[in-house]
Number of protein chains: 2
Amino acid sequence: MNKTQKEIALVDFDPEKNQILELWFNDSVEFGHGCRVSIRIKNVLCFYRSEYQEIAIFETEKLGRMLVLDGITMLTEFDEFAYHEMIVHVPLLVHPNPTRILVIGGGDGGTVRELLKHPEVEQIHVCELDREVVKACRKYLPSLAFSFDDPKVQVFYEDGAKFVEENPETYDIIIVDSTDPIGPGQILFQRKFYEDMKKSLKSDGIVVTQCESLYLHKHVIGGVASFAREIYPKLGYYCSLVPTYPSGLIGFFFCSNKYDPIDDLSEERASKLPGLKYYTPRLHRASFVLPKFGEEILQTSS
Amino acid sequence: MNKTQKEIALVDFDPEKNQILELWFNDSVEFGHGCRVSIRIKNVLCFYRSEYQEIAIFETEKLGRMLVLDGITMLTEFDEFAYHEMIVHVPLLVHPNPTRILVIGGGDGGTVRELLKHPEVEQIHVCELDREVVKACRKYLPSLAFSFDDPKVQVFYEDGAKFVEENPETYDIIIVDSTDPIGPGQILFQRKFYEDMKKSLKSDGIVVTQCESLYLHKHVIGGVASFAREIYPKLGYYCSLVPTYPSGLIGFFFCSNKYDPIDDLSEERASKLPGLKYYTPRLHRASFVLPKFGEEILQTSS
């Protein structure tokens with residue numbers, strides 16, 4: 001009986017017994033750069049297609065478990081802290097009283113886990129398109145998805161772009177913890193969505209959005225900057241170092257109606273956050289300082 | 001006639017004609033992390049073994065040319081600026097009058113190219129173990145190796161560790177632009193070498209050394225920090241973002257007898273440097289700010 005390569009990988013592959021085969025996950029994001037990150041896999045924990053995407057969770061050889069959506073690395077347990085701490089603590093420590101938070105995407109639970117470290121937070125709404133992502137993460141990534149059990153958290157399985165339209169003047173902070181601008185995530189990188197988020201914020205609200213790598217997605221970043229600065233009086237872009245992402249780098253837009261990402265940082269509240277591995281107030285400030293070519297991407301888009 | 005995979009790659013591979021084969025270079029540095037960077041290759045420009053190592057220069061699909069030594073990526077034309085600007089301009093703009101410079105390693109010429117942007121520099125000694133690296137780079141990487149033609153530059157094909165022993169009180173700045181602590185590069189990560197470099201510096205001299213990734217080489221970095229701080233009154237560690245290196249990150253030790261890497265930076269001289277893509281004085285300062293786990297690596301080694 002012949003089996004395809006995928007069938008062998010999924011059914012017969014046992015790295016404990018097998019000395020000559022190696023199973024590698026190749027991130028499908030080459031973005032036309034002919035450069036990719038590959039990660040050695042020990043076991044396939046789940047691998048199936050939901051209504052929206054192909055969901056895979058792997059046990060890696062050395063980096064803990066990893067979540068892959070449509071062939072793109074979402075996180076590994078090895079370095080997810082660098083992403084989740086920076087997408088959360090930067091806006092939360094700038095806003096003086098962040099009580100109501102909306103997370104768009106974030107179905108793995110890592111962002112919620114970090115949000116729950118802030119005593120000011122009273123209510124977290126998570127708007128995740130795909131129920132199956134939450135289900136898979138609850139089963140295989142409990143170190144992140146345990147956070148969904150907190151009574152402050154409510155999950156809505158809806159379209160994030162619609163959700164913000166339907167909830168005006170509601171949130172202190174909106175965090176867009178999304179996939180890349182391909183397929184269902186595309187709309188989250190467009191002007192209308194940034195305008196609708198502004199309406200869904202309270203008047204002094206803050207939005208932070210995942211927005212790719214300075215080295216690899218200059219046009220995406222420059223494009224978002226060009227309209228976001230027209231919508232939000234305070235705009236910044238900052239980076240975090242995430243080795244298992246393509247180019248080892250991920251960036252975020254900080255969009256605010258009122259607060260300055262540097263001047264309004266509360267060091268006092270920062271000093272009380274438990275269990276940090278990446279974030280410090282010094283690093284908060286340093287993360288907004290970009291390489292020269294990065295400054296130019298942000299400037300020339302104006 | 002059967003050919004090995006390597007022979008096919010080197011002799012018959014023509015990506016212009018071939019629609020079904022892809023040639024990828026896999027960086028051999030996994031460092032036990034089961035994670036690697038792969039780069040798509042269009043052509044093999046040179047690939048041979050010198051007395052010291054296997055030297056390869058590839059034409060990549062999208063990242064320009066790349067230099068590989070013993071299976072490890074040294075540089076691509078796409079992002080080498082991030083490495084070379086940071087290994088050079090940080091120490092050169094802290095020292096008030098850097099006239100005599102020693103580069104250990106650096107056979108590709110990128111470090112010398114950046115050094116020559118500083119009008120204060122009168123003499124550059126390059127001590128590169130392997131004559132063949134310089135030869136190959138002169139032929140295939142002229143955008144870096146053209147710098148060897150400058151009359152200020154003199155290349156010595158010698159052992160760097162011995163060279164510093166034999167040249168006491170000579171240099172304002174020593175830059176160690178080395179390979180990883182494997183094989184011939186190993187000695188460059190040891191205490192004696194740091195002591196000998198101190199003797200080879202003038203009394204107010206500065207040493208900067210390539211020292212790996214915070215995510216992947218915690219023990220190497222912590223180990224060097226533990227003895228380097230006993231030798232040099234001013235010690236710092238700073239990072240640069242280089243996507244084609246494993247983890248997308250590379251760090252440097254700044255070791256100085258006198259000058260502080262932040263307080264003694266000359267913004268005025270920085271503003272006159274031509275052709276920068278990465279370095280800015282703001283980024284100079286920000287690059288010394290490490291993630292929390294990085295601070296801990298440096299601190300716990302004390």
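Reminder, nothing fancy here: chain letters follow the sequence lines and each chain counts from 1. Everything quoted here is computed from the prediction, not taken from an experiment.
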Inset, instruction - Give the member of A/Gly248, A/Gly294, A/Ala82, A/Pro243 that has the highest number of heavy-atom pairs under 4.5 Å with chain B. - result: A/Pro243

Quick one: which of [options] has the most heavy-atom pairs under 4.5 Å with chain A, could you say?
options	value
B/Phe78, B/Phe288, B/Tyr245	B/Phe78
B/Thr60, B/Thr244, B/Leu290	B/Leu290
B/Cys239, B/Ser240, B/Ser38, B/Ser287	B/Ser38

Legend entry - A/Glu296 side, atom CD; B/Lys277 side, atom NZ - distance, nearest 0.5 Å: 10.5 Å

Inset, instruction - For side-chain contact (heavy atoms from CB on, under 4.5 Å), just list the numbers for B/Leu241 and A/Leu241, CA-CA rounded to whole Å, side-chain angles, deciding distance to a tenth of an Å, and then say yes or no. - result: CA-CA 9 Å; B/Leu241 309 173; A/Leu241 308 173; 3.1 Å; yes

Legend entry - Exam field: side chain B/Lys62 to backbone A/Gly34, donor-acceptor pair closer than 3.5 Å: no

Legend entry - Backbone N/O of A/Tyr279 and side chain of B/Lys292: donor-acceptor pair under 3.5 Å: no

Legend entry - Partners meeting ring-ring contact (aromatic ring centres under 6.0 Å, His included) with B/His84 (sequence neighbours left out): none

Legend entry - Validation row: A/Glu295, B/Arg282 side chains within 4.5 angstrom (heavy atoms): yes

Inset, instruction - Check whether any side-chain heavy atom of B/Cys35 sits under 4.5 Å from a side-chain heavy atom of A/Val37, and report yes or no. - result: yes

Inset, instruction - Determine the interplanar angle of the B/Phe293 and A/Phe81 rings, folded into 0 to 90°, and report it as parallel if under 30°, tilted if 30 to 60°, perpendicular if over 60°. - result: perpendicular

Legend entry - Interchain contact, B/Tyr215 with chain A, by part (heavy-atom threshold 4.5 Å): both

